[in-house]
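Mind looking over this structure? Questions follow.
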Amino acid sequence: MPIAPETFTFESWRHAVRPLLAAGKNADDLLWREHLSTAAADSASVTAQSTPPLDKASIRLPRSLMALLDRLACYRTEDRWELMYRLAWRTLFENSQLLKDPADADVSHAMRMDRAVKRDIHKMHAFVRFREITLVGGVSSFFAWFEPQHEILRKGAIFFAKRFPNMRWTIATPDGAAVWDLSSLRFVDSGTLTERPSADVKEDLWRTYYRSICNVARINPSAMLREMPQLYWRNLPEAAEIGPLLQEGSARFAARHHQADHEHFTRAKSVRRSLAQIVTSPEGVQSCRACEIWQHATQAVEGSGPEVAQLMLVGEQPGDEEDLHGAPFVGPAGKVLDETLRAAGLDRSDLYLTNAVKHFKWEPRGKRRLHKRPSVAEIRACNGWLQSEISNVKPLVIVALGASALLALTGKSCTIEAARAIQMTHAGGARIIATYHPSAILRADEKVRDRLRASLLGDLKRAGSWLKITRGRPTLE
Ligand code: URA
C-alpha cells in the first residue's frame with residue numbers, strides 16, 4: 001500500500017515519465033506537480049520542445065542512475081521529481097556519462113540530496129528506540145516513533161526486518177508506519193495505529209548505561225553532533241543526558257586550559273564558543289555562527305566524497321562558484337585540481353575533498369565577489385568541523401592545499417615551500433603532505449606557474465604512492 005497515495009512514489013514516477021522520455025519531451029517544458037498522474041504527465045507536455053523520439057526499448061538508463069533516482073525520490077522537496085527527470089533526460093539525450101561530472105549543477109545537487117537521504121537512513125538504523133508493549137494474551141510487541149527528515153521509511157525498515165525477525169515491531173513515522181508481524185513487512189497509515197506507549201523501565205537502565213560509558217573528558221561536541229544531530233534527540237531517551245554531560249565536559253576542558261599559555265587559552269575560548277553554538281544548532285554546519293563569515297555566504301559548503309576515504313584534500317575556503325553550488329572545488333581552482341589529479345593518476349571520486357573554512361569570505365569588486373583570505377581566528381572558529389570530518393572519514397593521508405589548510409591541520413603558520421620539506425602527522429595519525437593551492441597556480445605569473453604546477457603534481461603523486469605503500473598495513477608508522 002502506498003504510504004501517501006496522493007503523491008508520487010518512485011514506481012509511479014517511473015511509470016509516468018516513461019512515455020515522456022520515449023517522446024523526447026524536454027525537461028524544462030514539463031509542468032511538475034507532486035500529484036502528477038500518468039494522464040496529467042502526458043498532457044503536461046503539450047507545449048514541450050521535443051527531442052527526436054526514442055523507441056521504448058532504447059530508454060535504458062544506467063543502473064547506477066536508477067539506484068540514485070530511487071534514493072532521490074525519498075528526498076523531501078517538491079522539485080525532486082523535476083530534477084530526477086532532468087537527470088534521466090540529460091543522460092539519454094545529452095551525455096550518457098553525466099553522473100561522472102561532479103561540477104555539473106544538477107549532478108552536484110543530486111549528490112547532495114543523495115548524501116542526505118543515505119545519512120537519514122543511517123540515522124534511522126542508529127536512532128530507532130523500541131518500547132515494549134504487552135498485547136492481550138501476554139504477547140510482547142515493540143513500538144518505536146521516529147521522525148526522519150526524508151521519506152525513507154520503506155528503505156530504512158528493511159534493515160529492522162533482517163535484524164529483528166523474531167520480534168513483532170512497529171516503527172511509526174509522520175509519513176506512515178512499518179509493521180513487522182514475524183513474517184512480513186507491511187506499510188500502513190500511522191493514523192490507524194493505537195497510541196504510543198509511554199517510557200518503559202528499560203529506558204532508565206539505558207540512560208544510566210549511557211552516562212556511565214560517556215567519557216566527558218574526551219567528548220568532541222562537533223563529532224558527536226555530526227553523529228547524533230539534534231533533530232533526532234526528542235525521540236532518544238538518552239538525549240536528556242547529553243546537555244549535562246556536555247556542560248561537564250566543557251567545564252573540565254576550560255579548567256584544564258585556564259593556566260595554559262595565551263595560544264591555548266584563545267583556542268579553548270573559541271572551542272567553547274563553537275560548543276555553545278553547536279549545541280543550540282539543529283542543522284550543524286549550515287547554521288554555524290562561530291564567526292562572522294556566514295552572513296555574506298549563500299550556504300556552508302560541506303566536504304564531499306566517500307564516507308571513509310584513504311586520501312583527503314583540504315583547501316582553504318569555498319570560492320564564488322562553490323558558494324553557489326554547495327560543493328567544494330567546482331570552480332576554476334577545481335578545474336586545475338581535476339587536471340592535476342588526473343595527471344597524478346588519482347580519481348576524484350575516491351577522495352574526500354573539503355576546506356579549512358566552510359563559508360565563502362569575499363569582498364565586492366564591481367559586480368564580482370572577490371575571494372578574501374580568512375583570518376587565523378576564522379580558521380580556528382571553523383576547525384571543529386574540519387576535525388570532525390577527519391575523525392569520520394579516517395584518511396591515511398591528508399593533503400593540505402595552501403597555507404590556510406596547513407594552519408587548520410597543524411596549528412602552525414609556515415610557508416608551503418618550507419612545509420614541503422618537513423614530515424608532518426595529524427593528531428589522528430594521518431600523514432600530512434603540504435602543497436601549493438591550485439589557485440596559486442592560476443594567480444602566478446608565467447615564470448613560476450610551471451614550477452608550482454609541477455610541485456602540486458609531484459606532491460599529489462607522492463600522496464598516491466604513499467597510499468599504495470600503506471595499503472594493507474594496519475596502522476601508520
Ligand atoms: N578554493 C578552495 O580552497 N576551495 C574550494 O572549494 C574552491 C576554491
Side-chain angles (χ1 to χ4, degrees), residues 102-103 301 303-305 309-323 327-348 350-358 360-362 370-376 378-379 382-383 386 389-390 395-426 430-468:
V301 175
S304 105
Q310 297 198 328
L311 181 55
M312 178 185 263
L313 266 56
V314 181
E316 182 187 72
Q317 63 165 358
D320 185 84
E321 293 197 31
E322 288 79 14
D323 171 74
F329 287 102
V330 294
K335 237 184 195 145
V336 174
L337 183 63
D338 282 345
E339 282 163 15
T340 323
L341 283 171
R342 264 196 301 275
L346 294 168
D347 188 338
R348 178 168 168 148
D350 291 338
L351 323 171
Y352 189 90
L353 274 175
T354 191
N355 283 300
V357 171
K358 308 300 182 202
F360 176 38
K361 183 177 179 186
W362 57 276
L370 214 65
H371 161 275
K372 198 167 176 204
R373 197 173 193 169
S375 69
V376 173
E378 287 155 351
I379 292 173
C382 219
N383 205 247
L386 175 64
E389 280 176 300
I390 295 174
L396 295 177
V397 177
I398 307 176
V399 176
L401 297 167
S404 298
L406 187 63
L407 173 67
L409 289 165
T410 63
K412 292 190 180 71
S413 286
C414 177
T415 65
I416 292 300
E417 198 171 353
R420 290 182 73 231
I422 308 172
Q423 278 245 0
M424 290 171 293
T425 310
H426 180 260
R431 177 176 186 145
I432 295 175
I433 293 179
T435 190
Y436 297 103
H437 193 287
S439 303
I441 296 171
L442 288 172
R443 280 195 306 265
D445 62 41
E446 247 172 76
K447 277 189 223 139
V448 277
R449 193 177 302 148
D450 287 346
R451 180 174 62 77
L452 298 188
R453 199 190 292 276
S455 302
L456 175 62
L457 177 60
D459 293 333
L460 290 176
K461 279 187 178 163
R462 203 149 52 87
S465 59
W466 210 84
L467 278 178
K468 276 177 209 136

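Since the structure is predicted, the reported quantities are computational estimates derived from the model, not experimental observations.
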Handout entry: For Lys361 against Gln317, the heavy-atom pair lying closest together
Key = N-OE1, 3.0 Å

Exercise for the section: May I ask you to test the Thr354-Pro328 pair for a side-chain heavy-atom distance under 4.5 Å? Expected result: no

Exercise for the section: Would you check if the side chain of Glu339 reaches a backbone N or O of Val336 as a donor-acceptor pair within less than 3.5 Å? Expected result: no

Fill in the blank from the handout: With Ile433 as partner, the option from Leu401, Leu311, Asp459 fulfilling side-chain contact (heavy atoms from CB on, under 4.5 Å) is Asp459

Practice task
To the nearest 0.5 Å, tell me how far Leu386 CG sits from Met312 CE.
Solution key: 6.5 Å

Practice task
Please answer whether the main-chain N or O of Pro332 pairs with a side-chain N or O of Glu321 as donor and acceptor at a distance below 3.5 Å.
Solution key: no

Problem - Val448 side chain reached by Arg451 side chain, heavy atoms, under 4.5 Å - result: yes

Practice task
With the side chain counted from C-beta on, respond yes when Ile390 and Val314 share a heavy-atom pair under 4.5 Å apart, and no when they do not.
Solution key: no

Problem - Euclidean distance, His426 NE2 relative to Thr410 OG1, rounded to 0.5 Å - result: 9.5 Å

Practice task
Supply the atom-to-atom distance Leu346 CG to Leu467 CG, rounded to the nearest 0.5 angstrom.
Solution key: 8.0 Å

Problem - Distance, nearest 0.5 Å, that separates NZ of Lys461 from CG of Leu341 - result: 12.5 Å

Exercise for the section: Please determine which of Leu406, Leu456, Leu313 meets the side-chain contact (heavy atoms from CB on, under 4.5 Å) test together with Thr435. Expected result: Leu456

Handout entry: Heavy-atom pair with the smallest gap, counting every atom of Arg373 and Ser404
Key = NE-OG, 3.7 Å

Practice task
Let me see the working for Tyr436 and Glu417 under side-chain contact (heavy atoms from CB on, under 4.5 Å), right down to the final yes or no.
Solution key: CA-CA 8 Å; Tyr436 297 103; Glu417 198 171 353; 3.9 Å; yes

Fill in the blank from the handout: Looking only at heavy atoms, the pair that brings His437 and Ala333 closest together is CE1-CB, 4.3 Å

Problem - Within-4.5 Å side-chain heavy-atom neighbours: His371 and Glu316 - result: yes

Problem - Considering all heavy atoms, the nearest Val357-Pro318 contact - result: O-CD, 3.1 Å

Handout entry: Spacing of OG belonging to Ser304 relative to CD belonging to Glu389, to within rounding of 0.5 Å
Key = 9.5 Å

Handout entry: Worked verdict on Asp338 versus Phe329 for side-chain contact (heavy atoms from CB on, under 4.5 Å)
Key = CA-CA 9 Å; Asp338 282 345; Phe329 287 102; over 6 Å; no

Completion exercise
For Ile432 and Ala400, the nearest pair of non-hydrogen atoms, with its separation, is CG2-CB, 4.5 Å

Fill in the blank from the handout: Rounding to 0.5 Å, atoms CD1 (Ile398) and CG (Leu409) come to a distance of 5.5 Å

Handout entry: Closest non-hydrogen atom pair between Val399 and Ala463, with its separation
Key = CG2-CB, 3.8 Å

Handout entry: Close side-chain approach of Thr340 to Pro438, heavy-atom, < 4.5 Å
Key = no

